[in-house]
Amino acid sequence: MALRLYDTRSRSKRILETLVEGEVGIYVCGITPYSPSHIGHARQAIAFDIIVRWLRKSGFLVNHITNFTDIDDKIIRIANEENIDFLDVANRNIDDYFEVMDLLNVNRADSYPRVTETIPEIIDMIAKLIENGNAYSSHDGVYFEINTAPEKYGQLTGQTLEMVREGAGGRVSETGTGKKNHRDFALWKIAKPGEPYWSSPWGDGRPGWHIECSVMSLQHLGEKFDIHGGGSDLMFPHHEAEIFQSECCLNHDPVVQYWIHNGMINVDGEKMSKSLGNFWTIRDAISKVHPLELRYCLINAPYRQPVEFNDVMLQDSSSHYRKLLATYGEALSNYGKTNWKNSSFLQQAELEFSNGMNDDFNTRVAIVEVQTVVKYLREKLDSNLEDEISACVSWLSEFAGKVLGILPDDEVIRKNILDVENEKMKIHDQVMDLIEQRQIARNNKDWDNADQIRDKLNHIGVVVEDSPNGPIWKLK
RNA sequence: GCAUGGGUGGCAGAGUAGCUAUGCAGCGGACUGCAAAUCCGCGGACCUGGGUGCAAAUCCCGGCCUGUGCUCCA
């Protein structure tokens, strides 16, 4: 089954045909680092992480670029409030981003270009746009003139020039007084007193919001590239502005072959936002559950769907995930891995998994297959079928681990199990003593006493399970 | 208002025409002194009104509800 992905511009799933056979260039709009990362950032990063992992798994050589917009109005405002350099604000939030993304098992992109390190190239592109007649300079900045390429309007959102004219109403004055038309957007903003600036042919200032992505994608992926991704809230105006800039600068279209957009996170049915007070940072979430449990939670819905997020769902995901990991860990530590390709059951599971992923990266379908294999593994564990168990471990390691990224490294799992064993060793004698007492009570059918001892064990964090082979105990 | 998605069982969420989605929860059972864990089984859904089809959750048209965008946003 060929890999198909939903392209926002054509509003349909299209088979992936890359510009260079066997290679994919993908640019994903990154964050503006003005505050610690929130779970919306996590969702996006995880979604594209899995997309890139799957492309690589499918044999493509992938070049994945994600940028940082490390200069913007909000960063400047926060820097002024704290009386520090704007780059300090950006850097501390970028550091935070990398830290939490590592915890979430998000692979690094191949490059993370930053606006502040791309100023000369940005100035070049603006100059080219002026030269081509698509942009003009005025007293407060340089603007892209929409009317020079009206046919490019609405390619991602279906909106027409007229709609925006009506919708925008009296916003002209707020969005740049030097504009000829309120729909024009800034390429270069002249600095106001106290703002950081770079010098340019049009005056000291800084880049507008959209230009950096056109420049960086060109710089890293060339005049045409395969996939451009980002949050669905960036379709308009950001990505449409990019289409104007890139295509008018390069004099050809399309520059981007496939546009893909991830859905937003909703809390209580509404988009998560600071103003609504329903805001979760990644650190908020991972203070409640393990980062991989959060990752698991965020890929429960396919990447394009809005995903509902709240405490209950986080806890649900967490408990589902723990069951999965417990089974995997038990099998891994006791049996190890072997080639899974001899198992027809696992071959079928691979096929279903792949069909799901090839259908616009449907992680929901992929997870169902993972659950199916875990269930199968559970059966084999109960009947001690060593070869099948090892094959399952190996399959899960490959698909749940390497593709979905929801399993910790084997060494981490083994170490955790070891740590738990060590913890158990510390209280081993005490527990065995109590269990022995309880067994005596049980043999005497003294259930009250037996249950009291069980409560006592529970109190020190030990759960006793009476298996057919006698009592086993574990830490809560 | 315009644009663009979506409306599936208690919850989450697949499924684009005929075949049990799946997981959690619920109910029943096995096992157990009772539990726990595990296993087996069961019930329960396709917003609404039309249309096309032998057959529609699935395609077409209308309505209703709802998310998002039209302003910074992942």
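Residue numbers start from 1 in every chain, and the chains themselves are labelled A, B, ... in the order their sequence lines are given, proteins ahead of strands. What you see is a predicted model, and the numbers here were worked out from it, not measured in a lab.
Closest approach to the A:Arg442 side chain among B:C34, B:A36, B:G69 is made by B:C34 (side chain taken as heavy atoms from C-beta onward). Picking from B:G13, B:C24, B:A74 the nucleotide with the shortest atom distance to the side chain of A:His320 gives B:C24. Set against B:G5, B:A74, B:U22, the side chain of A:Arg11 has B:G5 as its closest nucleotide. Listed nucleotides: B:G23, B:A36, B:A74. Nearest to the side chain of A:Ile265: B:A74. Nearest to the side chain of A:Ala450, among B:G33, B:A14, B:A37, sits B:G33. Taking every side-chain heavy atom of A:Lys375 into account, B:C40 is the closest of B:G69, B:A14, B:C40. Closest to the side chain of A:Phe236, from the set B:G67, B:C70, B:G13, is B:C70. The side chain of A:Val368 has B:A21 as its nearest neighbour among B:A12, B:A21, B:G33. Of the candidates B:C24, B:A74, B:A36, B:A36 carries the atom nearest the A:Glu465 side chain, counting heavy atoms from C-beta on. Checking B:C70, B:G13, B:C34 against the side-chain heavy atoms of A:Gln159 singles out B:C70 as nearest.
Residue A:Met264 is classed as a base contact, given a heavy-atom separation below 4.0 Å to a base. Residue A:Pro468 is out of contact with every strand shown, counting any heavy-atom pair closer than 4.0 Å. Counting any heavy atom pair closer than 4.0 Å across all strands shown, A:His38 reaches a base atom. No contact: A:Arg322 has no heavy atom under 4.0 Å from any strand. Using a 4.0 Å heavy-atom criterion, one finds that A:Arg364 contacts the bases of the nucleic acid, with or without backbone contacts as well. Among the heavy atoms of the strands lying under 4.0 Å from A:Gly231 are primed sugar atoms or P, OP1, OP2 only; no base atom is included. Within 4.0 Å of A:Asn266, counting heavy atoms only, lie sugar-phosphate atoms of the nucleic acid but no base atom. In this structure, A:Asp382 reaches the sugar-phosphate backbone alone: every heavy-atom distance under 4.0 Å involves primed, P, OP1 or OP2 atoms, never a base. Among the heavy atoms of the strands, none lies under 4.0 Å from A:Asp72.
Between the side chains of A:Gln347 and A:Trp340, no donor-acceptor pair of N or O atoms lies under 3.5 Å. A donor atom on one side chain and an acceptor atom on the other are found under 3.5 Å apart for A:Asn300 and A:Arg364. Residues A:Asn91 and A:Arg114 bring a donor and an acceptor atom of their side chains to less than 3.5 Å of each other. A donor atom on one side chain and an acceptor atom on the other are not found under 3.5 Å apart for A:Thr32 and A:Asp72. Using a 3.5 Å distance cut-off with no hydrogens or angles, the side chains of A:Asp226 and A:Tyr27 do not pair a donor with an acceptor. Side-chain N/O atoms of A:His261 and A:Thr8 include a donor and acceptor closer than 3.5 Å. Counting only N and O atoms by type, the side chains of A:Asp316 and A:Ser318 include no donor and acceptor under 3.5 Å apart. Checking A:Tyr34 against A:Asp73 by side-chain atom types alone, no donor-acceptor pair falls below 3.5 Å.
Put simply, the side chain of A:Asn310 and the base of B:C11 share no donor and acceptor less than 3.5 Å apart. Scanning atom types as modelled, one donor and one acceptor separated by under 3.5 angstrom connect the side chain of A:Arg454 and the base of B:A35. Not a single donor-acceptor contact under 3.5 angstrom links the side-chain atoms of A:His261 to the base of B:A74. With hydrogens and angles left out, the side chain of A:Arg378 and the base of B:U38 share no donor-acceptor pair within 3.5 Å. Applying the 3.5 Å distance criterion, the base of B:G33 shares a donor-acceptor pair with the side chain of A:Asp451. In terms of polar N and O atoms assigned as donor or acceptor, the side chain of A:Gln305 never comes within less than 3.5 Å of the base of B:G5 in a complementary pairing.
Nucleotides B:U22 and B:C47 place their C1' atoms 24 Å apart, quoted to the nearest Å. Nucleotides B:G23 and B:C34, compared at atom C1', are 29 Å apart to the nearest Å. Distance check on atom C1': B:G49 versus B:A30 gives 49 Å, rounded to whole Å. Here the separation of B:A74 from B:U48, taken at their C1' atoms, is 35 Å to the nearest Å.
When rounded to the nearest whole Å, the span between CH2 of A:Trp447 and C1' of B:A35 equals 12 Å. One interatomic measurement links the two molecules: CD of A:Glu212 to C1' of B:C72, which rounds to 13 Å at whole-angstrom precision. If you measure from atom CZ of A:Arg304 to atom C1' of B:A74, you get 17 Å, rounded to the nearest angstrom. Per the geometry, NE2 belonging to A:His228 stands 13 Å off P belonging to B:A74, to the nearest Å.
Across the interface with RNA chain B, nearest-nucleotide mapping of A:Gly263 and A:Ala301 shows A:Ala301 to be the residue nearer the 5′ end. Residue order along RNA chain B, read from the 5' end via each residue's closest nucleotide, puts A:Val312 first among A:Asp359 and A:Val312.
Regarding the sugar-base torsion, B:G53 falls in the syn class, its angle being within 90° of 0.
Between A:Tyr6 and the phosphate of B:G5, there is a side-chain N or O to OP1/OP2 separation shorter than 4.0 Å. For the OP1/OP2 pair of B:G15 and a distance below 4.0 Å, the side-chain nitrogens and oxygens of A:Asn362 include at least one atom meeting the criterion.
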